[in-house]
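Single-structure report; data block below.
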Amino acid sequence: MTDVTIRMAVPADWAAVAGLLVELGRGVAAGTADDPTHQLQFAGHIRRIDNVTLVAIDALDVLGAIDMEYHQRLGDHRPQARVNDLIVTGRARGRGVGHALLSRAEELARRRGCFRMALVTAAWRDATIAFYERAGWQNYGEWFVKPLANDIGPGGEPARDDN
């Protein structure tokens, strides 16, 4: 990995982060990058003390991002770190960007006193699962989801009315 810097995200990074979310298929609409409401939401999100959003940048643009939150679990007095998103643009995959983001997040979680880190990825993402296993992560179980909004489909797109 040459000339890639990992730093805390700033509000001006929103358009690039939104583009990464679109590229990953995270259910974010392409126009979200220009939406003032989403821009304000991102600015507030990255300022919360329990959130850490890092970006990997080169001389030209944002190559990846990781979003992590700290939260307390009932069974331990120390916090747990949960990685909500780790995204590396396709052209930068295999260059160590994801590893650098994950390593920096782990360093921050250890510094915060977390007893573990957790994340969720889809079972069909074989390359992603292999990446996490190479980084020392262990498969810990199943993931269950219950949608609470009828107007949003599984990928975040508007739900279809087939009636």
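By convention here, the first residue in the shown sequence is residue 1. Bear in mind the structure is a predicted one, so any value in this text is a computation, not a measurement.
- How far OG1 of Thr32 is from CG of Leu21: 9.0 Å, rounded to the nearest 0.5 Å.
- Here Arg93 pairs with nothing under the side-chain hydrogen bond (donor to acceptor under 3.5 Å, both in side chains) rule; sequence neighbours left out.
- Within 6.0 Å of the CD atom in Gln41, the count of heavy atoms belonging to other residues, nucleotides or ligands does not exceed 12.
- Ala56 approaches Val4 most closely through the heavy-atom pair CB-CG1, 3.9 Å.
- Applying the ring-ring contact (aromatic ring centres under 6.0 Å, His included) test to Tyr70 and every residue at least two apart in sequence or in another chain returns nothing.
- Atom CG in Leu74 sits 10.5 Å away from atom CG in Asp76 (nearest 0.5 Å).
- Thr53 pairs by the side-chain hydrogen bond (donor to acceptor under 3.5 Å, both in side chains) definition with Asp67, not counting sequence neighbours.
- Within the 4.5 Å cutoff, the side chain of Leu54 has heavy atoms near those of the Ile66 side chain.
- Looking at residues two or more places apart in sequence or on another chain, you find a side chain to side chain contact (heavy atoms under 4.5 Å, CB included) between Ile129 and Thr121, Glu133.
- Partners of Gln39 according to the side-chain hydrogen bond (donor to acceptor under 3.5 Å, both in side chains) rule, which considers only residues two or more places apart in sequence or in another chain, do not exist here.
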Item to complete: Evaluate the criterion salt bridge (charged side-chain N to carboxylate O under 4.0 Å, His left out) for residue pair Glu107 and Arg104; output intermediate values, then yes/no.
Response: CA-CA 5 Å; Glu107 177 187 333; Arg104 180 65 176 136; 2.7 Å; yes
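- Residues satisfying the side chain to side chain contact (heavy atoms under 4.5 Å, CB included) test with Met117, not counting sequence neighbours, are Met68, Ala81, Val83, Ala105, Glu106, Ala109, Trp137.
- Looking at heavy atoms from C-beta onward, Leu86 lies out of side-chain contact with Leu119 at the 4.5 angstrom threshold.
- With Val55 as the fixed residue, the side chain to side chain contact (heavy atoms under 4.5 Å, CB included) test singles out one of Ile6, Leu101, Val17: Val17.
- The aromatic rings of Trp14 and Phe42 are tilted relative to each other, their planes meeting at an angle between 30° and 60°.
- Residues satisfying the salt bridge (charged side-chain N to carboxylate O under 4.0 Å, His left out) criterion with Arg82, sequence neighbours excluded, are absent altogether.
- Formation of a donor-acceptor pair under 3.5 Å by the Gln80 side chain with backbone atoms of Cys114 is not found in this model.
- Considering only residues two or more places apart in sequence or on other chains, Arg91 meets the side-chain hydrogen bond (donor to acceptor under 3.5 Å, both in side chains) condition with Asp61.
- Within the structure, salt bridge (charged side-chain N to carboxylate O under 4.0 Å, His left out) pairs that include any residue of residues 30-54 comprise Asp50-Arg112 (at least two apart or interchain).
- With sequence neighbours left out, Ala122 forms a side chain to side chain contact (heavy atoms under 4.5 Å, CB included) with Trp124, Arg125.
- Residue Leu102 is grouped with residue Met8 when hydrophobic side chains (ILVMFWY) are merged at heavy-atom distances under 4.5 angstrom, including chains of intermediate members.
- Under the side chain to side chain contact (heavy atoms under 4.5 Å, CB included) criterion, Leu20 pairs with Glu23, Val62, Ala65, Ile87, Thr89, not counting sequence neighbours.
- In His99, the NE2 atom is not crowded: 12 or fewer heavy atoms of neighbouring residues, nucleotides or ligands sit closer than 6.0 Å.
- At least one side-chain heavy atom of Arg95 sits less than 4.5 Å from a side-chain heavy atom of Leu63.
- Closest approach of Pro79 to Gly113, counting heavy atoms only: CD-O, 3.7 Å.
- Residues in residues 5-14 take part in these salt bridge (charged side-chain N to carboxylate O under 4.0 Å, His left out) pairs, two or more places apart or across chains: Arg7-Asp13.
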